[in-house]
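Take a look at the structure below.
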Amino acid sequence: MIVPGWIISLVTFPGVIVHELAHQFFCRRMRVAVYDVRYFRLGNPAGYVTHESARTNLQNFMISIGPFFLNSILGFCIAFPSATAVLLFNSDKVLDVVNVLLGISIAMHAFPSQGDGAGIMKRLKRRDTPILQKILMTPCVWLIYLGSIGSMLWLDVVYGGVVCLLLPMLVIRSFA
Amino acid sequence: MTNQPNSGSETSANMNRFCEKCGISSVEPGYQTPLCANCRSSLVYRPVLSYIVMFCGIICVLMLISYARRGRRFRVYIANERASRAEASHDYATAEIQDKIVIKAYPFYDDGFVRLAKDSYAHGDYAETAYALDKLNGHELDSDTADDLNQIARDLDAKHHSFKRRVQQ
């Protein structure tokens with residue numbers, strides 16, 4: 001089923017905001033100047049962070065993939081108290097449902113966008129980039145592109161479901 | 001949704017050594033964009049919009065409420081898992097104890113009552129079996145589970161009658 005991107009972004013806007021906040025957070029950590037931030041808008045892209053080029057490729061890489069970590073961790077933490085209640089005990093309490101839906105909406109925006117991948121690739125293509133960095137980071141960029149294409153097949157939603165529903169179940173099992 | 005590294009001033013960085021923003025000559029080294037430390041700091045620590053801060057606050061409050069109200073449920077989730085494992089390893093006494101924790105927290109959880117009925121019956125706690133079967137009375141279950149429970153109910157009934165006969169004798 002094809003749903004316009006702006007509708008998905010509108011429904012899952014918390015994820016878009018967290019995604020851009022993650023870029024901005026990593027820019028701060030890497031001391032990279034941010035020229036412009038748009039946390040959410042109805043358009044393509046749904047949000048963006050325009051920043052200067054980082055000092056190193058690794059910093060640039062971290063800024064680009066930062067949302068993968070922040071969105072995944074935050075989505076998991078939000079859904080964790082309610083995931084088992086919803087999945088196993090069919091809880092329909094507002095707090096449980098809100099937690100799970102909010103968690104999924106955040107985690108599903110964890111994938112770096114094609115623009116993020118292009119930013120890394122641009123740096124990797126430079127002549128002065130060490131060969132080891134090219135070898136290690138290029139597959140990551142391919143994965144980013146793959147994830148981006150997969151989003152058209154709802155891979156991002158599947159990922160959100162895995163992080164917010166299945167992962168909490170596995171954590172509970174590991175404690176039992 | 002993207003981050004866009006702006007490399008438009010990369011060439012100008014090599015050409016002049018003045019801050020792009022304020023024009024002073026002490027630019028921070030190591031960057032392609034010529035910016036002085038103060039100007040870079042102001043851009044790095046660009047303030048987050050107030051409605052975004054509010055949004056973050058709401059998420060934090062929601063998480064606090066969730067963990068405060070649902071934190072105790074982790075014990076129940078773990079009990080549920082332990083009950084399944086104990087049942088699989090035929091440790092029905094443990095399974096029954098864990099089942100009771102689960103159904104106390106989720107009194108409408110049919111699967112919990114089904115498991116309690118089976119575990120308590122296997123453990124020999126027939127009063128608990130009768131209670132669980134009573135709770136499941138009239139509920140829709142899949143045919144295999146219903147067959148199993150009906151068999152337990154018939155066995156329990158037979159045991160009850162033989163007990164009554166023994167008492168009467």
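Heavy-atom basis, side chains included; hydrogens, waters and symmetry copies ignored. Each chain gets a letter, A, B and so on, in the order the sequences are listed, and its residues count up from 1.
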Answer with side chain, backbone, both or neither: which region of [X] has an atom nearer than 4.5 Å to a non-hydrogen atom of chain B?
{"X": "A:A118", "value": "neither"}
{"X": "A:L74", "value": "side chain"}
{"X": "A:M169", "value": "neither"}
{"X": "A:I172", "value": "both"}

For a quick check under 3.5 Å, do [X] and [Y] share a side-chain donor-acceptor pair by atom type?
{"X": "B:N38", "Y": "B:S41", "value": "no"}
{"X": "B:N80", "Y": "B:Y106", "value": "no"}
{"X": "B:H123", "Y": "B:Y121", "value": "no"}
{"X": "B:D155", "Y": "B:Q151", "value": "yes"}

Most contacts with chain B, counted as non-hydrogen pairs under 4.5 angstrom, among [options]:
{"options": "A:S82, A:S9, A:G43, A:P14", "value": "A:P14"}
{"options": "A:T56, A:L95, A:V32", "value": "A:L95"}
{"options": "A:R173, A:M30, A:R123, A:R31", "value": "A:R31"}

Counting C-beta onward and ignoring hydrogens, is there a side-chain heavy-atom pair between [X] and [Y] closer than 4.5 Å?
{"X": "A:L10", "Y": "A:F40", "value": "yes"}
{"X": "A:E52", "Y": "B:L43", "value": "no"}
{"X": "A:F89", "Y": "B:Y77", "value": "yes"}

Of the backbone (N, CA, C, O) and the side chain (C-beta and beyond), which part of [X] lies under 4.5 Å from a heavy atom of chain A, both, or neither?
{"X": "B:C39", "result": "neither"}
{"X": "B:L49", "result": "both"}
{"X": "B:A68", "result": "neither"}

Options B:R69, B:R40, B:R73, B:R82, ranked by heavy-atom pairs under 4.5 Å with chain A, top entry: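 The answer is B:R40.
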
Parallel, tilted or perpendicular, as decided by the 30° and 60° cut-offs, for the rings of A:F68 and A:F111: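 Taking A:F68 first and then A:F111, their aromatic rings lie parallel (interplane angle under 30°).
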
